[in-house]
Amino acid sequence: FNILMPMIDAINHISGPKTEFVYSGLSDMFKVEAGRMFRQGQEAYISYGQLANEDLAVRYGFVEPNNTNDAYVFDDMLGLLMQHDAVARSLTQAQITQLRQSGAFEALKQPAIQRNGSVEGGVLKALDAVLSE
């Protein structure tokens, strides 16, 4: 859930800084902890969370260039692969059954590729299994 936090809401966002805000029960107040020193006049940022640009745009009205939290989700990659004649012809019914049982087909329903190029290991194994048959 989202709440307004006067003054803390005025601090700009950047992904990944060590700066964060914390609540102190002893003093009954919020404080910003930087985790490093700043020069006078240097802007301090906080992270609104590890959010993709889609979430930043909807929640806060801006996007972050080169946001490492962006992911590209492919709807039904398996269906696209199976439409390719070479892939469809190369798989026997027994191989398709084995791929289903191994979870390879499930991993290819909506695989996500992160902006930095990383994917879940199950997706790579599934692609390897489907394309190497």
Side-chain angles (χ1 to χ4, degrees):
F1 63 91
N2 294 325
I3 60 172
L4 277 176
M5 300 179 76
M7 299 308 296
I8 290 176
D9 285 341
I11 301 174
N12 287 327
H13 161 86
I14 193 168
S15 289
K18 300 287 186 212
T19 306
E20 58 184 36
F21 60 92
V22 295
Y23 176 75
S24 170
L26 295 174
S27 60
D28 192 30
M29 62 192 304
F30 285 97
K31 63 182 178 175
V32 177
E33 293 182 350
R36 69 178 187 91
M37 299 298 293
F38 287 87
R39 293 184 313 275
Q40 185 174 349
Q42 184 180 4
E43 183 172 7
Y45 297 91
I46 60 172
S47 173
Y48 297 173
Q50 298 302 309
L51 303 172
N53 277 337
E54 179 180 347
D55 295 320
L56 289 171
V58 170
R59 294 180 187 182
Y60 304 109
F62 69 89
V63 295
E64 193 172 18
N66 300 314
N67 186 341
T68 58
N69 297 302
D70 280 343
Y72 305 96
V73 178
F74 294 87
D75 285 329
D76 194 20
M77 181 182 272
L78 178 61
L80 292 171
L81 289 171
M82 295 305 285
Q83 288 176 12
H84 193 275
D85 287 340
V87 173
R89 280 196 311 263
S90 70
L91 294 174
T92 66
Q93 194 58 45
Q95 289 169 322
I96 290 172
T97 300
Q98 182 181 5
L99 290 169
R100 273 201 181 91
Q101 291 172 346
S102 73
F105 278 11
E106 188 66 32
L108 293 176
K109 283 189 176 177
Q110 283 194 314
I113 299 174
Q114 301 300 317
R115 185 177 193 92
N116 66 7
S118 66
V119 295
E120 292 180 6
V123 172
L124 292 179
K125 286 175 74 175
L127 281 171
D128 184 50
V130 170
L131 296 175
S132 66
E133 294 297 332

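As the structure is a prediction and not an experimental result, all values here were calculated from the model.
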Q. Within the distance-only criterion (no hydrogens, no angle test), does the side chain of Q95 pair as donor or acceptor with the backbone N or O of T92 below 3.5 angstrom?
A.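 Flag set: sc Q95 to bb T92 pair under 3.5 Å.
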Q) Is E33 reaching over with its side chain to a backbone N or O of V22, donor-acceptor style, under 3.5 angstrom? A)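 Flag not set: sc E33 to bb V22 has no pair under 3.5 Å.
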Could you give the distance from [atom1] ([X]) to [atom2] ([Y]), rounded to the nearest 0.5 Å?
X	Y	atom1	atom2	result
I113	D70	CD1	CG	13.0 Å
S15	Y48	OG	OH	11.0 Å
L78	Q110	CG	CD	12.5 Å
N53	R115	CG	CZ	7.0 Å
N12	Y60	CG	OH	12.5 Å
K31	Y23	NZ	OH	12.0 Å

Contact check, side chains of [X] and [Y], non-hydrogen atoms, under 4.5 Å:
X	Y	result
L56	H13	yes
F74	D76	no
E64	L51	no

Smallest separation among heavy atoms of [X] and [Y], with atom names:
X	Y	value
I11	A44	CG2-O, 3.6 Å
A107	G122	CB-O, 3.7 Å
A57	V63	CB-CG1, 3.9 Å

Q. Can L80 be reached from L108 by stepping across I, L, V, M, F, W or Y side chains whose heavy atoms are under 4.5 Å apart?
A.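 Each belongs to a different hydrophobic cluster.
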(Q) If hydrophobic clusters are built by linking Ile, Leu, Val, Met, Phe, Trp and Tyr wherever their side-chain heavy atoms come under 4.5 Å apart, do I14 and F38 end up in the same one? (A)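 No, it is not one cluster - the side chains of I14 and F38 are not joined through contacts under 4.5 Å.
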Q: Have a look at Q50 and tell me which of T68, N67, D55, N69 forms a side chain to side chain donor-acceptor pair (under 3.5 Å) with it.
A: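 Checked T68, N67, D55, N69 against Q50; only one passes side chain to side chain donor-acceptor pair (under 3.5 Å): N69.
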Q) Just wondering, are more than 12 heavy atoms of other shown residues or ligands nearer than 6.0 Å to CD in E54? A)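 At most 12 heavy atoms, drawn from other residues, nucleotides or ligands, come within 6.0 Å of this atom.
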